[in-house]
Amino acid sequence: MDPFVKFTSQSQGRDRIFRAAQYACSLVVYLLRNNSDRKDLVAKLKSLETSLSAGRKLLRLGNAANSIEAAKRTVQLSDRVLRLCLTVANVSRTLYFICDNVLWAKSVGLIRNIDKERWSLNSFRFYFFSLVMHLSRDVYAVLQVMTKRSRDKNFKQRMDQHLTENPEVAEVVVPHLDGFLFLLLEALKSHPDLALDSVKNICDLFIPLDKLGLYQSNGGVIGFCGLISSLIGIVTLTQPRLRIAP
C-alpha cells in the first residue's frame, strides 16, 4: 500500500494513471463502436475520457517551468548530440505545455478571444517535435551501445556462432542484416531502460501524427498506443532503474 500511496501523491503519478485510464477508455470505445447493445456504456466511456483529458490539463499546469529547468540541465551536458537532442526536446515540450495551458484557460472561460484550433495544432506540433528529438536521442544511444558491443571480442564470437548456426535468407538478400538485428536486439536486451523509452516514444508518436494529419490512424490504434505508453510511464516512475538518464 505504501508504494501506491507514494506513487499517487506525485503529480506525475496521478497524471500517468489518468492518462492510462483515458486511453483505455478510447480503446474500449473503439472496440464497442459497432455494438448497439453497449451504446450507453460507450457514451459513458466517452464522457469519462473527456473528463480525464480535462483533468490532466489541470494537472499539467506549471509543467512548463519544469521543462525549462530540464532544458537548463541538459544544455550543460558534455555530449554534443545528447545536449542538442535533449535541450531542443525540452524547449519544444515547454512550448507544448504553454499551448496546453492556454487551451485549458480557454476551456474554463478564462480566455475567450483565441483560435482554439490553431493553438491545438501548435501544441501537437511542439509535442511531435519533442518526441522526434527524444527518439533521435534513443537512436543515438542505441548506436553507441551497438558500436561498443561490436568491438567486444567475446560478443563478436557469440554473434559469429549465431550467424553460423542460424543462416537466414535475409542475409542473402540484404548482406549483414541478420548480424545487425542480432546486435540491435542484444543492445536493447542489455539496456531495458533504453528499450522501454524507445517503445514509449514510438507509441506516443502515433498521437501527434494522427492529430496533425501526417499519418491517419483510428481510435483503436491511438487508444492502444496511448495505453502502452502510459503503462510504460507508470513502470519507469515506480522503478527508477528502468528510467533512462539523462
Side-chain angles (χ1 to χ4, degrees), residues 15-16 18-34 42 45-46 48-50 52-54 56-57 60 63 67 81 84-104 106-107 115-143 170 174 177 180-181 184-185 187-188 193-236 244:
D15 177 68
R16 291 180 185 183
F18 289 169
R19 189 177 192 268
Q22 176 189 340
Y23 284 109
C25 288
S26 177
L27 178 59
V28 174
V29 165
Y30 178 80
L31 294 175
L32 297 178
R33 68 193 186 282
N34 295 324
V42 169
L45 289 174
K46 285 182 178 180
L48 177 58
E49 181 185 355
T50 301
L52 289 169
S53 178
R56 289 184 58 229
K57 287 185 183 296
R60 290 198 294 267
N63 280 6
S67 294
V81 176
L84 174 65
C85 291
L86 293 178
T87 302
V88 173
N90 284 320
V91 170
S92 299
R93 197 164 179 80
T94 300
L95 296 172
Y96 160 71
F97 283 130
I98 291 173
C99 292
D100 190 66
N101 293 342
V102 170
L103 289 169
W104 173 82
K106 167 69 175 177
S107 68
D115 187 341
K116 183 179 178 180
E117 185 66 24
R118 195 180 99 185
W119 278 87
S120 180
L121 284 174
N122 284 335
S123 72
F124 282 113
R125 288 189 184 105
F126 291 129
Y127 182 38
F128 172 74
F129 197 53
S130 174
L131 288 173
V132 168
M133 297 312 294
H134 275 296
L135 273 172
S136 299
R137 184 275 304 270
D138 291 337
V139 171
Y140 174 69
V142 168
L143 291 176
V174 183
L177 176 61
F180 174 82
L181 292 176
L184 174 62
L185 291 175
L188 293 175
D193 56 339
L194 182 55
L196 286 174
D197 193 68
S198 300
V199 173
K200 178 180 179 297
N201 288 326
I202 291 171
C203 287
D204 280 338
L205 198 61
F206 281 91
I207 300 169
L209 282 174
D210 181 74
K211 297 295 183 180
L212 295 173
L214 299 175
Y215 180 80
Q216 294 293 333
S217 291
N218 55 53
V221 172
I222 299 300
F224 177 77
C225 290
L227 178 59
I228 295 298
S229 169
S230 302
L231 293 176
I232 292 175
I234 291 173
V235 169
T236 55
I244 194 169

A.B. asks: Quick one: closest heavy-atom pair of L121 and L212, and the distance?
C.D. replies: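 In terms of heavy atoms, the two residues are closest at O-CD2, 3.7 Å.
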
A.B. asks: Applying side-chain contact (heavy atoms from CB on, under 4.5 Å), name anything that partners K46, two or more places apart in sequence or on another chain.
C.D. replies: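 With neighbours one apart ignored, the set is V29, V42.
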
A.B. asks: Name all residues meeting the salt bridge (Lys or Arg N to Asp or Glu O under 4.0 Å) criterion together with D210; count only those two or more places apart in sequence or in a different chain, and write none if there are none.
C.D. replies: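 With sequence neighbours excluded, D210 shows a salt bridge (Lys or Arg N to Asp or Glu O under 4.0 Å) to no residue whatsoever.
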
A.B. asks: Under the 3.5 angstrom rule, does the side chain of T87 hit a backbone N or O of L84 as a donor-acceptor pair?
C.D. replies: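 Not confirmed, T87 side chain does not pair with L84 backbone.
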
A.B. asks: What distance do L181 atom CG and L185 atom CG have between them, rounded to the nearest 0.5 Å?
C.D. replies: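 L181 CG to L185 CG: 6.5 Å, rounded to 0.5 Å.
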
A.B. asks: Ignoring hydrogens, what is the shortest heavy-atom contact between C99 and N122? Give both atom names and the distance.
C.D. replies: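 That closest heavy-atom pairing would be SG-CB, 4.1 Å.
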
A.B. asks: Search all heavy atoms of L103 against all heavy atoms of S120 and return the closest pair with its distance.
C.D. replies: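 Closest heavy-atom pair between L103 and S120: CD1-CA, 3.8 Å.
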
A.B. asks: Could you check if a side-chain atom of L52 sits within less than 4.5 angstrom of a side-chain atom of L48, using non-hydrogen atoms only?
C.D. replies: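 Touching, per the 4.5 Å side-chain cut-off.
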
A.B. asks: Please check if the side chain of R93 supplies one atom and the backbone of S67 the other of a donor-acceptor pair under 3.5 Å.
C.D. replies: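 No; judged by distance alone, with no hydrogens or angles, the pair does not exist.
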
A.B. asks: Going by atom types alone, do R125 and S92 pair a side-chain donor with an acceptor below 3.5 Å?
C.D. replies: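 R125 vs S92: no donor-acceptor pair found between side chains.
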
A.B. asks: Decide side-chain contact (heavy atoms from CB on, under 4.5 Å) for I222 and N218; before the verdict, give the C-alpha distance in whole Å, the side-chain angles of both, and the deciding distance to 0.1 Å.
C.D. replies: CA-CA 6 Å; I222 299 300; N218 55 53; over 6 Å; no

A.B. asks: Nearest 0.5 Å please: distance from the CZ atom of F126 over to the CG atom of L95.
C.D. replies: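 Between atom CZ of F126 and atom CG of L95 there are 4.5 Å.
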
A.B. asks: Applying side-chain contact (heavy atoms from CB on, under 4.5 Å) to M133 and L86, what does each step give before you reach the verdict?
C.D. replies: CA-CA 7 Å; M133 297 312 294; L86 293 178; over 6 Å; no

A.B. asks: Who pairs with D100 by side-chain contact (heavy atoms from CB on, under 4.5 Å), at least two apart in sequence or on another chain?
C.D. replies: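 D100 satisfies side-chain contact (heavy atoms from CB on, under 4.5 Å) with K57, R60, Y96 only.
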
A.B. asks: Taking the side chain as C-beta and beyond, is there a heavy-atom pair between R16 and T236 under 4.5 Å?
C.D. replies: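 Side-chain contact under 4.5 Å: yes.
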
A.B. asks: Give, for atom CG of L135 and atom CZ of R137, the distance between the pair rounded to the nearest 0.5 Å.
C.D. replies: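 Result: 9.5 Å between the selected atoms.
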
A.B. asks: For atom OH of Y140, is the number of surrounding heavy atoms from other residues, nucleotides or ligands below 6.0 Å larger than 12?
C.D. replies: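 Check passes, neighbour count above 12.
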
A.B. asks: Taking the side chain from T94 and the backbone from N90, do they hold a donor-acceptor pair closer than 3.5 Å?
C.D. replies: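 Checking the backbone N and O of N90 against the side chain of T94, a donor-acceptor pair under 3.5 Å is found.
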
A.B. asks: What's the shortest heavy-atom distance between W104 and A54, and which atoms?
C.D. replies: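 Taking W104 first and A54 second, the nearest heavy atoms are CD1-O, 4.4 Å.
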
A.B. asks: Residues two or more places apart in sequence or in another chain: which of them pass salt bridge (Lys or Arg N to Asp or Glu O under 4.0 Å) with D15?
C.D. replies: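 For D15, the residues satisfying salt bridge (Lys or Arg N to Asp or Glu O under 4.0 Å) (neighbours in sequence not counted) are R56.
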
A.B. asks: If the condition is salt bridge (Lys or Arg N to Asp or Glu O under 4.0 Å), which residues does K211 pass it with, not counting sequence neighbours?
C.D. replies: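 Salt bridge (Lys or Arg N to Asp or Glu O under 4.0 Å) check on K211 returns nothing, list empty.
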
A.B. asks: Drop me the distance from F97's CZ to Y127's OH, to the nearest 0.5 angstrom.
C.D. replies: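 One finds 9.0 Å between CZ of F97 and OH of Y127.
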
A.B. asks: Between OG of S229 and CG of N201, what distance do you get to the nearest 0.5 Å?
C.D. replies: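 Result: 7.5 Å between the selected atoms.
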
A.B. asks: Nearest 0.5 Å, what's the CD1-CG distance between I98 and N63?
C.D. replies: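 Between I98 CD1 and N63 CG, I get 11.5 Å after rounding to 0.5 Å.
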
A.B. asks: Evaluate side-chain contact (heavy atoms from CB on, under 4.5 Å) for I244 paired with K200, printing each intermediate quantity in order.
C.D. replies: CA-CA 11 Å; I244 194 169; K200 178 180 179 297; over 6 Å; no

A.B. asks: Do V88 and F129 have side-chain heavy atoms sitting under 4.5 Å apart?
C.D. replies: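 Result yes, sub-4.5 Å side-chain heavy-atom pair found.
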
A.B. asks: What is the minimum heavy-atom distance between V221 and F206, and which atoms define it?
C.D. replies: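 Nearest pair, atom of V221 first, then F206: CG1-CD2, 4.2 Å.
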
A.B. asks: Could you please spell out the steps behind the side-chain contact (heavy atoms from CB on, under 4.5 Å) verdict for I228 and I232?
C.D. replies: CA-CA 6 Å; I228 295 298; I232 292 175; 4.1 Å; yes

A.B. asks: Which pair of heavy atoms, one from E49 and one from S26, lies closest together, and at what distance?
C.D. replies: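 That closest heavy-atom pairing would be OE2-CB, 3.6 Å.
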
A.B. asks: Please identify each residue that fulfils ring pair (Phe, Tyr, Trp, His ring centres under 6.0 Å) with Y23, with sequence neighbours left out.
C.D. replies: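 Ring pair (Phe, Tyr, Trp, His ring centres under 6.0 Å) list for Y23, sorted by chain: empty.
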
A.B. asks: Less than 4.0 angstrom from a charged side-chain N to a carboxylate O is my criterion; do R19 and D204 meet it?
C.D. replies: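 Yes, charged N to carboxylate O under 4.0 Å.
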
